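Being a predicted model, the structure only gives us computed values, none of them experimental.
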Amino acid sequence: MAIRLYNTLSRQKEEFVPRVAGEAAMYACGPTTYNFFHLGNARMLVVFDMVRRYFAYRGFHVTYVQNFTDVDDKIIRRASEEGKSPGDLAEFYIREYFADAEALGILPADIHPKATEHIGDMIAMIRVLEEKGLAYAVDGDVYYAVTRFEPYGKLSGRSLDDMRAGERIEIDERKAHPMDFALWKKAAPEELGWESPWGRGRPGWHIECSAMSYKYLGSDFDIHGGGGDLVFPHHENEIAQSEGFMDGQRFARYWMHNAFVTVNKEKMAKSQGNFFLVREVLEKFAGEVIRFYLLNAHYRSPVDFDWEKLDMAAKGLERLRTCVRLADERIRGEKQAPVEALGDFGVENRGSGEPVSAGFRRDFEEVMDDDFNSAQGMAVLFDLARELNSVVSQEGPLADVWDLRKTLVELAGVLGFDVSVKESTLDGTGTVTEGIMKLVWDLYQRALESQDEDTVRFIRSGCEAAGIEFVSYQESASRETKDINSVMDLVLALRARARGAKDWAGADMIRDHCKENGIVIEDTKGGARFVIRGM
């Protein structure tokens with residue numbers, strides 16, 4: 001089945017036919033670097049990272065370009081407020097972008113052009129537009145003449161008359177038409193600027209993306225993407241500039257736009273003051289949970305911000321990882337070898353029959369081929385996980401366990417999630433970290449304060465068995481005589497005592513504290529056990 005995607009330009013789904021067979025050339029508008037990016041920005045970045053990953057999975061050679069707008073009026077204002085140069089401010093937020101993007105599992109683009117590094121390309125493009133009569137200079141500013149580009153409005157579906165009626169246009173008597181937009185803006189002597197044929201100034205926002213996309217992808221490239229708020233005026237103006245510059249050649253074949261993240265059904269935006277920075281959300285949830293949350297809806301459907309849904313996303317991701325871990329335990333138990341070292345033993349031992357995972361893979365590709373429906377793709381992952389759990393619990397063929405397990409990890413990876421379980425001690429040495437020792441110490445103090453002498457003796461006895469000289473948790477944590485398994489046996493026993501006494505709050509406190517320190521407690525038919533996750 002061919003990939004089909006919704007093209008904003010045609011307002012319908014179309015089969016993806018690339019400019020060059022087997023290749024996919026993509027450009028997505030990146031952030032304006034004057035602040036950390038918020039959850040609404042993150043959705044666009046995550047969506048097009050997912051699209052890029054899926055093209056690669058389907059065998060395409062992908063060239064992905066995502067720019068940084070590092071010259072802009074907002075950057076200049078913010079830099080002035082903070083007493084910094086615009087360049088230093090922009091470079092700081094570019095570095096911080098990569099930190100947040102990495103947390104969300106967003107792969108670096110193949111090319112990350114900066115606007116300030118392509119001023120010459122922009123000037124050259126503006127000069128050609130001026131020579132063709134599509135642009136005109138006024139007092140050091142240069143404007144694009146929208147009435148001279150007949151198809152103007154084809155992306156947004158609005159005529160110039162509609163635009164004039166529906167937009168609040170600042171009156172500028174120097175413009176030939178109110179909708180004409182700036183290609184080059186005159187800079188005041190104290191402002192950031194570059195020399196040009198029209199005097200010292202800086203580029204308009206729209207020309208930046210036209211120049212950078214053309215330089216790296218040429219004309220008629222495959223996909224231009226961005227948030228829905230960029231359809232007009234940014235992308236509409238990009239088309240006018242680029243196709244005017246290229247003598248009517250097609251700028252981009254397909255235009256993809258994701259819907260907004262909303263807060264109380266209103267678009268999340270810095271201008272509205274109703275935004276949540278990714279940096280802030282990362283204080284409460286892991287980046288992979290935020291990604292899971294953002295992709296658990298079709299990219300063209302709005303997502304209303306909800307802390308509870310983020311919590312549900314965390315639990316959903318954990319279910320997939322638990323499924324993989326149980327499969328790994330079954331495989332290790334029978335093969336007596338690390339899962340990662342087993343290669344494709346499941347395929348080798350299956351024979352000529354179709355792998356049990358084949359149907360799930362077909363289902364996944366069918367929904368993802370249909371306009372990158374990540375929500376349905378995730379539903380397939382959970383169907384696959386249920387089948388894997390069933391095969392593991394019913395002691396089905398080991399080859400099926402391996403096949404399903406490997407497929408689940410692979411397909412989750414296509415969406416940008418690592419559901420494989422990397423089990424290790426928290427500090428890499430086999431000893432207990434301070435966080436767990438503090439838990440034991442707090443439980444000990446709690447027992448003393450409540451005069452629970454039985455629990456006091458129990459903890460002291462357990463510490464002695466674990467090789468802990470129990471003076472204080474700080475001193476205990478600094479010693480190397482503690483084994484993680486011995487101490488966690490004590491913690492699980494203390495939790496069991498709390499549950500036996502119907503002290504549910506105490507039992508939950510132990511479970512939650514362990515989770516905060518990278519240890520997941522699971523209740524099974526055989527009793528409670530713990531799993532250590534790498535931090």
Side-chain angles (χ1 to χ4, degrees), residues 36-47 49-50 100-101 103-106 227-229 258-270 272-325 367 372-386 389 408 412 415-419 421 495 499 504-523 531 533 535:
F36 301 106
F37 65 86
H38 61 65
L39 206 60
N41 307 137
R43 189 180 194 196
M44 185 279 287
L45 298 166
V46 167
V47 162
D49 179 75
M50 175 268 293
D100 287 347
L104 297 179
I106 298 168
D229 55 336
N258 62 277
F260 303 134
V261 175
T262 59
V263 178
N264 296 324
K265 308 301 180 182
E266 293 185 1
K267 174 193 168 187
M268 181 181 291
K270 293 187 178 76
Q272 299 294 324
N274 65 343
F275 63 92
F276 291 88
L277 295 176
V278 168
R279 193 63 62 93
E280 295 171 334
V281 184
L282 284 170
E283 294 176 0
K284 297 184 179 181
F285 291 94
E288 56 202 356
V289 172
I290 300 172
R291 184 185 183 100
F292 198 91
Y293 165 70
L294 293 174
L295 290 181
N296 200 22
H298 190 278
Y299 76 89
R300 288 192 289 112
S301 298
V303 172
D304 202 49
F305 182 77
D306 189 329
W307 289 108
E308 290 185 3
K309 289 180 181 177
L310 275 163
D311 191 54
M312 290 172 61
K315 293 175 181 176
L317 188 58
E318 188 61 35
R319 283 199 299 274
L320 295 179
R321 286 184 172 149
T322 297
C323 174
V324 172
R325 181 181 55 75
V367 297
F372 306 99
N373 195 332
S374 59
Q376 289 300 313
M378 289 167 69
V380 174
L381 296 185
F382 282 104
D383 288 343
L384 197 165
R386 279 190 288 273
N389 281 331
L408 177 57
L415 296 180
F417 307 112
D418 182 4
V419 297
V421 181
R495 181 170 177 268
R499 288 165 64 90
W504 309 118
D508 289 345
M509 183 271 287
I510 293 172
R511 179 200 62 204
D512 294 343
H513 192 102
C514 286
K515 187 174 182 179
E516 290 172 4
N517 284 274
I519 298 178
V520 177
I521 294 178
E522 296 178 344
D523 294 305
V531 178
R533 297 281 157 76
M535 298 297 284

**Message:** Measuring from atom CZ of F305 to atom CG of L294, what distance do you get when rounded to the nearest 0.5 angstrom?
**Reply:** 10.0 Å
**Item:** Within-4.5 Å side-chain heavy-atom neighbours: R511 and D508
**Value:** yes
**Prompt:** Looking at residues at least two apart in the chain, or sitting in another chain, which of them share a side-chain contact (heavy atoms from CB on, under 4.5 Å) with R300?
**Reply:** Y6, K13, H298, D371
**Request:** Enter the distance from I510:CD1 to I519:CD1 here, rounded to the nearest 0.5 Å.
**Result:** 12.5 Å
**Prompt:** Of all residues at least two apart in sequence or in a different chain, which pass the side-chain hydrogen bond (donor to acceptor under 3.5 Å, both in side chains) check with R43?
**Reply:** none
**Prompt:** At what distance, to the nearest 0.5 angstrom, does CD1 of I290 lie from CD of E288?
**Reply:** 10.0 Å
**Message:** Just to verify, what does N389 make a side-chain hydrogen bond (donor to acceptor under 3.5 Å, both in side chains) with, not counting sequence neighbours?
**Reply:** none
**Asked** For the residue pair V263 and D304, what are the closest heavy atoms and their distance?
**Response** N-OD1, 3.5 Å
**Item:** Counterpart residues, salt bridge (charged side-chain N to carboxylate O under 4.0 Å, His left out), relative to R291 (two or more places apart)
**Value:** D49
**Request:** With side-chain contact (heavy atoms from CB on, under 4.5 Å) as the test, would you mind laying out the steps for L381 and L415 before giving the verdict?
**Result:** CA-CA 10 Å; L381 296 185; L415 296 180; 4.0 Å; yes
**Request:** Step through the shown structure and confirm whether more than 12 heavy atoms of other residues, nucleotides or ligands are within 6.0 Å of CE on M312.
**Result:** no
**Message:** For a quick test of reading the model, state the closest non-hydrogen atom pair linking V367 to G377 and the distance between them.
**Reply:** CG2-N, 3.6 Å
**Prompt:** Listed by chain and number, what are the side-chain hydrogen bond (donor to acceptor under 3.5 Å, both in side chains) partners of Y293, not counting sequence neighbours?
**Reply:** none
**Message:** Which residues pass the side-chain contact (heavy atoms from CB on, under 4.5 Å) test with R319, not counting sequence neighbours?
**Reply:** K315, F382
**Prompt:** Would you call the rings of W307 and F285 parallel, tilted or perpendicular, where under 30° means parallel and over 60° means perpendicular?
**Reply:** parallel
**Item:** H38 backbone acceptor or donor facing N41 side chain under 3.5 Å
**Value:** yes
**Item:** CG on N296 to CD on Q376, rounded to 0.5 Å
**Value:** 10.0 Å
**Message:** My understanding is that only residues two or more places apart in sequence, or in another chain, count here; which of them pass ring pair (Phe, Tyr, Trp, His ring centres under 6.0 Å) with F372?
**Reply:** F55
**From CG (D306) to CG (D311), nearest 0.5 Å** = 10.0 Å
**Request:** Check side-chain hydrogen bond (donor to acceptor under 3.5 Å, both in side chains) between D229 and all other residues, then give those that pass, not counting sequence neighbours.
**Result:** K267
**Item:** Nearest heavy atoms of A314 and V289, plus distance in Å
**Value:** N-CG1, 3.6 Å
**Request:** Could you list the residues that satisfy side-chain contact (heavy atoms from CB on, under 4.5 Å) with D100, not counting sequence neighbours?
**Result:** F36, F37, V278, R279, L282
**Complete:** side-chain contact (heavy atoms from CB on, under 4.5 Å) filter on A375, not counting sequence neighbours, yields N373
**Prompt:** What residues form a ring pair (Phe, Tyr, Trp, His ring centres under 6.0 Å) with F417, not counting sequence neighbours?
**Reply:** F292
**Request:** Could you list the residues that satisfy salt bridge (charged side-chain N to carboxylate O under 4.0 Å, His left out) with D512, not counting sequence neighbours?
**Result:** none
**Request:** Work out which heavy atom in C323 is nearest to a heavy atom in A385; give both atom names and the distance.
**Result:** SG-O, 3.4 Å
**Complete:** Heavy-atom closest pair (D418 atom, R321 atom, distance to 0.1 Å) is O-NH2, 2.8 Å
**Salt bridge present between K515 and E318 (N-O < 4.0 angstrom)** = no
**Request:** In sequence, state the C-alpha distance, the side-chain angles, and the governing distance for L310 and V281, and then conclude on side-chain contact (heavy atoms from CB on, under 4.5 Å).
**Result:** CA-CA 10 Å; L310 275 163; V281 184; 4.0 Å; yes
